[in-house]
Amino acid sequence: MDEVPRTHTKNTTEGGGGTAQASTPLYQLKAEFFKTLGHPARIRVLELLSEREHAVGELLPEVGIEAASLSQQLAVLRKANLVATRREGSNVYYRLTSPDVAELLRVARGILSGVLEGQAELLADLRAARPQRPARP
C-alpha cells in the first residue's frame, strides 16, 4: 500500500509541551485551502488584489458587502497567509502574498470557461435534437 504524503505536523499532547506528533495528509491540507477560497467575497478580494494593492476603503465598494463582513473575510485570508497588510497613516493596504494566488485564479477561470463552453455545446445539441411541438389551435 502506498504511503500518503504528509507535510504538516501538529502537537497532539495536552498543554503543548509533549513530543507526540500527528501528520495531516496533503490532500486534507489542500481541501482546507480550497475551503478558504470557498466564499464569493474572498474570491472577489483576491481578484482585485491580483491587479494591485488596495486599501480597505477601495475594496468595500468593489466587493459590495458591509465593512464588518469584509473585515471578517480579510481576516480569513490573512490567517491563511494569502494576503498581507501594511499600514500607512490611518489606511490599511492589502496585497497578495504570492503571485501564485493570481495564477491560481487565472487557471480557475480557464477551467470554468471550458466547462461552460461544454455546457453551452450540450445545450445547443439538446435544443437541436428536441422534437418539434405541434402548433396549438
Side-chain angles (χ1 to χ4, degrees):
M1 187 154 136
D2 290 336
E3 175 110 11
V4 175
R6 299 177 189 278
T7 61
H8 178 72
T9 60
K10 59 183 174 183
N11 193 324
T12 59
T13 60
E14 289 291 322
T19 58
Q21 299 288 314
S23 296
T24 303
L26 181 58
Y27 63 83
Q28 186 174 343
L29 293 171
K30 287 180 181 179
E32 290 169 10
F33 172 77
F34 282 107
K35 281 182 191 177
T36 299
L37 300 177
H39 192 286
R42 288 183 220 139
I43 294 295
R44 184 64 182 133
V45 165
L46 294 173
E47 287 174 342
L48 292 166
L49 296 178
S50 293
E51 299 166 5
R52 64 175 176 83
E53 178 182 75
H54 284 274
V56 174
E58 295 172 323
L59 293 171
L60 270 169
E62 294 291 330
V63 178
I65 60 177
E66 296 294 323
S69 295
L70 179 59
S71 179
Q72 289 175 340
Q73 301 309 326
L74 289 168
V76 170
L77 294 172
R78 272 193 323 270
K79 184 176 179 187
N81 200 32
L82 293 173
V83 299
T85 62
R86 72 174 176 88
R87 185 174 295 276
E88 188 175 296
S90 62
N91 291 320
V92 177
Y93 290 87
Y94 280 82
R95 67 183 180 284
L96 296 180
T97 56
S98 168
D100 292 339
V101 177
E103 180 62 21
L104 177 63
L105 293 172
R106 280 190 288 280
V107 169
R109 183 183 185 108
I111 292 168
L112 286 172
S113 293
V115 168
L116 293 174
E117 286 172 7
Q119 290 175 349
E121 290 172 13
L122 179 59
L123 180 59
D125 291 346
L126 288 172
R127 286 182 175 157
R130 167 171 65 188
Q132 297 296 320
R133 294 184 192 173
R136 291 190 174 167

Is there a side-chain contact between Leu70 and Val45 (heavy atoms, below 4.5 Å)?
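Heavy-atom side-chain distance check passes, below 4.5 Å.
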Set of residues satisfying side-chain contact (heavy atoms from CB on, under 4.5 Å) with respect to Ala80, sequence neighbours excluded:
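Here the qualifying residues are Thr36, Leu82.
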Taking only residues two or more places apart in sequence or in another chain, which ones pass side-chain contact (heavy atoms from CB on, under 4.5 Å) with Ala31?
none
Who else is in the cluster with Leu123 when I, L, V, M, F, W and Y are joined by side-chain contacts under 4.5 Å?
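Under the 4.5 Å side-chain rule, Leu123 groups with nothing.
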With a cutoff of under 4.5 Å between side-chain heavy atoms, which Ile, Leu, Val, Met, Phe, Trp and Tyr residues group with Leu126?
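Leu122, listed by chain and number.
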Under the salt bridge (charged side-chain N to carboxylate O under 4.0 Å, His left out) rule, collect the residues that match up with [X], sequence neighbours excluded.
X	answer
Arg106	Glu103
Arg44	Glu47, Glu62
Arg86	Glu53, Glu88

Test item: Glu58 side-chain N/O and Ala55 main-chain N/O as donor-acceptor pair under 3.5 Å
yes
Does any pair with a residue in residues 109-125 pass side chain to side chain donor-acceptor pair (under 3.5 Å), and if so which ones, sequence neighbours excluded?
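Qualifying pairs, neighbours excluded: none.
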Can you tell me which residue pairs pass the side chain to side chain donor-acceptor pair (under 3.5 Å) test with a partner in residues 64-75, sequence neighbours excluded?
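Checked against side chain to side chain donor-acceptor pair (under 3.5 Å) - neighbours excluded - the pairs reaching residues 64-75 are Arg42-Gln73.
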Which residue pairs satisfy the salt bridge (charged side-chain N to carboxylate O under 4.0 Å, His left out) criterion with at least one member in [range], sequence neighbours excluded?
range	value
residues 67-77	none
residues 24-38	none
residues 74-85	none

Take Leu49 and Val101, measure what side chain to side chain contact (heavy atoms under 4.5 Å, CB included) needs, and give me the verdict at the end.
CA-CA 10 Å; Leu49 296 178; Val101 177; over 6 Å; no
Option passing side-chain contact (heavy atoms from CB on, under 4.5 Å) with Leu74 (candidates Val56, Val63, Val92, Thr85):
Val56
